[in-house]
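Comments concern the structure below.
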Protein chains: 2
Amino acid sequence: MRLLIIEDEKKVADFIARGLRAERFAVDVARDGMAGWEMVSAVNYDLVVLDLMLPGISGTEILRRLRCRGGNAAILVLTARDATNDKVENFEAGADDYLTKPFAFAELLVRVKALLRRPPPTRNHVLRVADLELDRLTQQVRRAGKRIELTAKEYSLLEYLAAHPGRVLSRTMIIEHVWDESFEGLTNIVDVYVRHLRVKVDEGHSKKLLRTVRGVGYCLSEEEAT
Amino acid sequence: MRLLIIEDEKKVADFIARGLRAERFAVDVARDGMAGWEMVSAVNYDLVVLDLMLPGISGTEILRRLRCRGGNAAILVLTARDATNDKVENFEAGADDYLTKPFAFAELLVRVKALLRRPPPTRNHVLRVADLELDRLTQQVRRAGKRIELTAKEYSLLEYLAAHPGRVLSRTMIIEHVWDESFEGLTNIVDVYVRHLRVKVDEGHSKKLLRTVRGVGYCLSEEEAT
DNA sequence: CCCATCATTAAAAAATACTGAAAGTCAGAT
DNA sequence: ATCTGACTTTCAGTATTTTTTAATGATGGG
């Protein structure tokens, strides 16, 4: 999940960014309206956290443009406490939710999660493939009930594979999903990470879940390879 | 003091929130049962103002869950005038006080203050994780029966971690709860205090309770990492 | 047997966490 | 009011882990 924060106060931006990153979101920060607008145009974000009080292009202007461009990013607006009059306006202009400053991070997090959960209501908390379980809420992984520690990237990759069990995913697809959009041409990073996962997930189990499909990519499946 | 209002009527919620903020409480608002439950799970509130008539999860359900989870938040329930029959039920379910709508703000304030002033009743003073015990009444901490001296901040941090055993808490969350300032930019103060705790709590014990989850935060847990 | 493809390993680069000490704060005692 | 000592916070250097690159060895289909 890709998020953009458009906020000029460094403290606030850092604080939010750090918290959201800890929740394993990919977070970018823009420090003013112009930069924000450019980034929004360049990348397909899932959600934008937008401060309305900005130097350069005003937040309201960005909001309007975003909606008229018809992107599919959810928009969470930050307003000053007493700007209550603007609220109605903002909702009309296309904000999906708003929060008045100052706010507790937990409050922001709840709203962000609510907005991101919105489109696919089928998003299950627990993915299961054979005796492998991933909990998307707590990001915990277990195999045969035993806890497995994964790094951020490892988890990300495994989640992607587990979300499409039995399906063969190409390296290109994987890179686009797990790593940022554009990754330099030739790299074997996917292979390396698949190996990491094999060591942590498959090693010591007779049933191997990670399967290589030559010339195509990788696949996480219950079926035993021949 | 951290308060949460769970109330779907915007007018009422705003009204109460504003009034309580003027009294210098840190107030969060949840607009439906689901959001409320998530926030309660995420944050250790001192008091929850809970409307019983909610969309999503019903207020009664939240009440039940809260108590069964055994948080230490006081709960002030708002009910409709004529729902007198429910009152007894609610008290049994664990409400600490109730108020019938409509009510005067002053009335609410009196009850809130009374609840917050109350000496923590004989409910869950003791948090326990493995052989670590914290008594919230006396703020005493013991590991394997042996007394540990902690400073105010150290205790505060440990209590927060112990209140959510097994759960990974991000630095952002921790800063918000233990240091109530909202937006402190980048600081490693949490790291420093975790170290203090490690020296006092984990050092000399073979089973380490404080676990670092890289890129995310910290966790107090009985479970041994793999 | 050849060659493209994949696996494995090592090691550089980047990100993140730990550590110890200095500087700053605050409350109680003198 | 000033001092004192404990507590809190900041800072900077070190250590560790993760991520990425790259080089080498293995494998299998044609």
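Letters A, B, ... mirror the listed sequences (proteins, then strands); counts begin at 1. What you see is a predicted model; the values in this text were computed from it and never measured.
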May I ask you to verify if any side-chain N or O of A:T212 is less than 4.0 angstrom from the OP1 or OP2 atom of C:dC6?
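Looking at the OP1 and OP2 atoms of C:dC6, neither is under 4.0 Å from any side-chain N or O of A:T212.
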
Mind listing the closest non-hydrogen atom pair of A:A13 and A:V29 along with its distance?
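Heavy atoms of A:A13 and A:V29 come nearest at CB-CG1, 4.0 Å.
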
Could I get the full list of salt bridge (charged side-chain N to carboxylate O under 4.0 Å, His left out) partners for A:R128, not counting sequence neighbours?
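In terms of salt bridge (charged side-chain N to carboxylate O under 4.0 Å, His left out), with neighbours along the sequence ignored, A:R128 is linked to A:E133.
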
Can you list everything that forms a salt bridge (charged side-chain N to carboxylate O under 4.0 Å, His left out) with A:R195? Sequence neighbours excluded, please.
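Once residues adjacent in sequence are excluded, A:R195 has no partner under the salt bridge (charged side-chain N to carboxylate O under 4.0 Å, His left out) criterion.
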
If I take atom [atom1] in residue [X] and atom [atom2] in nucleotide [N], what distance separates them, rounded to the nearest angstrom?
X      : N      : atom1 : atom2 : answer
B:R211 : C:dC18 : CZ    : P     : 13 Å
A:K208 : C:dA7  : NZ    : C1'   : 14 Å
A:I175 : D:dT20 : CD1   : C1'   : 12 Å
A:L197 : C:dA7  : CG    : C1'   : 14 Å
B:L186 : C:dA15 : CG    : C1'   : 14 Å
A:E149 : D:dT17 : CD    : C1'   : 13 Å
A:R24  : C:dA15 : CZ    : P     : 17 Å
B:N188 : C:dA21 : CG    : C1'   : 13 Å

Does this structure show an ion pair linking [X] with [Y], if we count only N-O contacts that are shorter than 4.0 Å?
X      : Y      : result
A:K10  : A:D14  : yes
A:E154 : A:K200 : yes
A:E23  : A:R21  : no

Can you pull every protein N or O that's under 3.5 Å from an N or O on nucleotides 5-8 of chain D?
from  : atom 1 : to     : atom 2 : distance (Å)
D:dT8 : OP1    : B:K153 : N      : 3.1
D:dT8 : OP2    : B:T151 : OG1    : 2.3
D:dT8 : O5'    : B:Y193 : OH     : 3.3

Qualifying salt bridge (Lys or Arg N to Asp or Glu O under 4.0 Å) pairs with a residue from residues 27-49 of chain A, counting only residues at least two apart or across chains:
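Those involving residues 27-49 of chain A are A:R2-A:D28.
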
Check: A:S41/A:R65 side-chain N/O donor and acceptor closer than 3.5 Å
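No donor-acceptor contact under 3.5 Å links the two side chains.
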
Heavy atoms under 4.0 Å, any strand shown: does [X] hit a base, just sugar-phosphate, or nothing?
X      : result
A:R21  : nothing
A:V192 : base
B:Y218 : sugar-phosphate

Tell me, please, which residues at least two apart from A:D131 pass side-chain hydrogen bond (donor to acceptor under 3.5 Å, both in side chains).
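A:R143.
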
Would you tabulate the nitrogen or oxygen pairs shorter than 3.5 Å linking the protein to nucleotides 3-5 of chain C?
from  : atom 1 : to     : atom 2 : distance (Å)
C:dA4 : N3     : A:R214 : NH2    : 3.3

At less than 3.5 Å, do the side-chain atoms of B:D191 and the base atoms of C:dT16 form a donor-acceptor pair?
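Checked by distance alone, the answer is no.
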
